[in-house]
S.K.: 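My questions all concern the structure below.
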Amino acid sequence: MKHPLDTDVLGEFLVSARSLAEYRAIFDLTDADLVGRRILDCPGGAASFTSEASDLGARVIATDPIYSRSAERLRSLAVSETDRGSDWATAHYDRYRWDWYGGPEQHRAIRHAAAKLFAADLTAHPERYIAAELPTLPFRDNSFDLVFSSHLLFTYADRLDANFHLASLLELARVSAGEVRLYPLVDHIGRHHDVLVEHLRKELRDLGIHSALRETEYEFHHGAHTMLILHGD
Ligand SMILES: C[S@@+](CC[C@H](N)C(=O)[O-])C[C@H]1O[C@@H](n2cnc3c(N)ncnc32)[C@H](O)[C@@H]1O
């Protein structure tokens, strides 16, 4: 019998809860990249990156349209979405490399721990979580030293078109005085979007924004071991 999640239809944008350890691996981060730096996480989702990196001494703002909801709704959403995400990954076991996590149960445990930290930080530091929606962010030019964008662009290329991607990349570059790092360059089914990536890099280059592709140590979807970096001035 087919598993109920054994389909390519994920539904609504997943509100996932990645940990600082995952962000470190995904974006190749050291403490020096974080401590004392102004950082934007867009979209923040229910990730604990903001909470954990702030504890290290980073000055982090997370932004996501879901932050317009009440803290109570967000806390329960973080838990239910973590289960939806883990169920999805488990149902599509063969699409992923599990070695970084150890297996589906460890993956679920890491994400639940991150969702818990997110929920606590939301109460303790609501000012870190700003409701906003790409491709328009409520920040001045060059407000951040580093901008991270994980699991929105390319991940949802099934519903976000090339114009949305370009406008969003330009907006992320506008608010960053340094680098913008994006991951992954595959969608939620694991399809690679090399043509879209190269189209966007050319459009950006024509507008004076240089980019590079860099290998990451992290690979969850098979072959998703590359991040896109936009360089500041
Ligand atoms: C898969 S989560 C990624 C969260 C986090 N970066 C992580 O890796 O755990 C995708 C997030 O994108 C958010 N989102 C959807 N549309 C958006 C938009 N136009 N601008 C910014 N965030 C958006 C969703 O609300 C959701 O929380």
Side-chain angles (χ1 to χ4, degrees), residues 10-27 29 39-53 60-69 73-89 92 96 100-101 107-108 110-119 121-122 128-139 146-175 180-190 216 218-221 224 227-228:
L10 177 58
E12 287 294 303
F13 293 104
L14 193 64
V15 179
S16 50
R18 287 183 175 77
S19 62
L20 173 62
E22 288 169 287
Y23 271 60
R24 277 188 191 278
I26 286 171
F27 292 119
L29 299 173
I39 294 173
L40 177 67
D41 184 23
C42 176
S48 61
F49 170 76
T50 294
S51 168
E52 295 184 87
V60 192
I61 293 291
T63 187
D64 194 300
I66 58 163
Y67 300 156
S68 62
R69 304 183 194 181
R73 280 190 68 196
L74 285 176
R75 276 191 288 273
S76 75
L77 188 70
V79 174
S80 60
E81 286 290 278
T82 295
D83 280 329
R84 184 163 75 100
S86 296
D87 290 349
W88 168 270
H92 297 99
Y96 299 98
W100 194 90
Y101 293 96
H107 172 272
R108 188 181 295 267
I110 287 171
R111 295 290 174 85
H112 270 292
K116 210 168 158 187
L117 285 176
F118 162 77
D121 201 49
L122 201 57
R128 292 176 179 163
Y129 299 89
I130 295 180
E133 195 164 344
L134 284 170
T136 307
L137 298 177
F139 307 113
L146 259 178
V147 172
F148 301 127
S149 187
S150 131
H151 295 85
L152 173 64
L153 299 177
F154 305 107
T155 296
Y156 293 100
D158 59 339
R159 64 199 78 171
L160 302 173
D161 66 13
N163 290 338
F164 178 89
H165 279 73
L166 180 60
S168 297
L169 292 175
L170 288 171
E171 185 68 346
L172 294 169
R174 181 186 69 75
V175 302
V180 179
R181 298 187 189 182
L182 289 107
Y183 177 91
L185 307 182
V186 307
D187 66 23
H188 63 277
I189 298 171
T216 63
Y218 178 92
E219 176 182 346
F220 192 32
H221 265 297
M227 71 170 136
L228 175 64

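Ligands are counted one by one from 1 in listed order, and the atoms in each one are counted from 1 as well.
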S.K.: So, using side chain to side chain donor-acceptor pair (under 3.5 Å) as the criterion, who are the partners of Tyr183 when residues are at least two apart?
M.R.: none

S.K.: Compute the ring centroids of Tyr156 and His151, then answer whether they are less than 6.0 Å apart.
M.R.: no

S.K.: Calculate, to the nearest 0.5 Å, the distance between atoms CG and CZ belonging to Leu172 and Phe139 respectively.
M.R.: 10.5 Å

S.K.: Could you check, using the six-membered ring where one of them is a Trp, whether Tyr218 and Phe27 have ring centers closer than 6.0 angstrom?
M.R.: no

S.K.: Distances under 3.5 Å, N/O of ligand 1 against N/O of the protein: list each pair and its distance.
M.R.:
{"from": "ligand 1", "atom 1": "6 (N)", "to": "Tyr23", "atom 2": "OH", "distance (Å)": "2.9"}
{"from": "ligand 1", "atom 1": "6 (N)", "to": "Pro43", "atom 2": "O", "distance (Å)": "2.7"}
{"from": "ligand 1", "atom 1": "6 (N)", "to": "Ser150", "atom 2": "O", "distance (Å)": "3.0"}
{"from": "ligand 1", "atom 1": "6 (N)", "to": "Ser150", "atom 2": "OG", "distance (Å)": "3.4"}
{"from": "ligand 1", "atom 1": "8 (O)", "to": "Arg18", "atom 2": "NH1", "distance (Å)": "2.8"}
{"from": "ligand 1", "atom 1": "8 (O)", "to": "Ser150", "atom 2": "OG", "distance (Å)": "2.5"}
{"from": "ligand 1", "atom 1": "9 (O)", "to": "Ser16", "atom 2": "O", "distance (Å)": "3.3"}
{"from": "ligand 1", "atom 1": "9 (O)", "to": "Ser16", "atom 2": "OG", "distance (Å)": "3.1"}
{"from": "ligand 1", "atom 1": "9 (O)", "to": "Arg18", "atom 2": "N", "distance (Å)": "3.2"}
{"from": "ligand 1", "atom 1": "9 (O)", "to": "Arg18", "atom 2": "NH1", "distance (Å)": "3.2"}
{"from": "ligand 1", "atom 1": "19 (N)", "to": "Leu134", "atom 2": "O", "distance (Å)": "2.9"}
{"from": "ligand 1", "atom 1": "20 (N)", "to": "Leu134", "atom 2": "N", "distance (Å)": "2.8"}
{"from": "ligand 1", "atom 1": "25 (O)", "to": "Asp64", "atom 2": "OD1", "distance (Å)": "2.8"}
{"from": "ligand 1", "atom 1": "27 (O)", "to": "Asp64", "atom 2": "OD2", "distance (Å)": "2.7"}

S.K.: Does the Lys NZ or Arg CZ of Arg159 fall within the cation-pi geometry relative to Phe13 - under 6.0 Å from the ring centre and within 45° of the axis?
M.R.: yes

S.K.: With a 4.0 Å cut-off on N to O distance, would you call Arg108 and Asp83 a salt bridge?
M.R.: yes

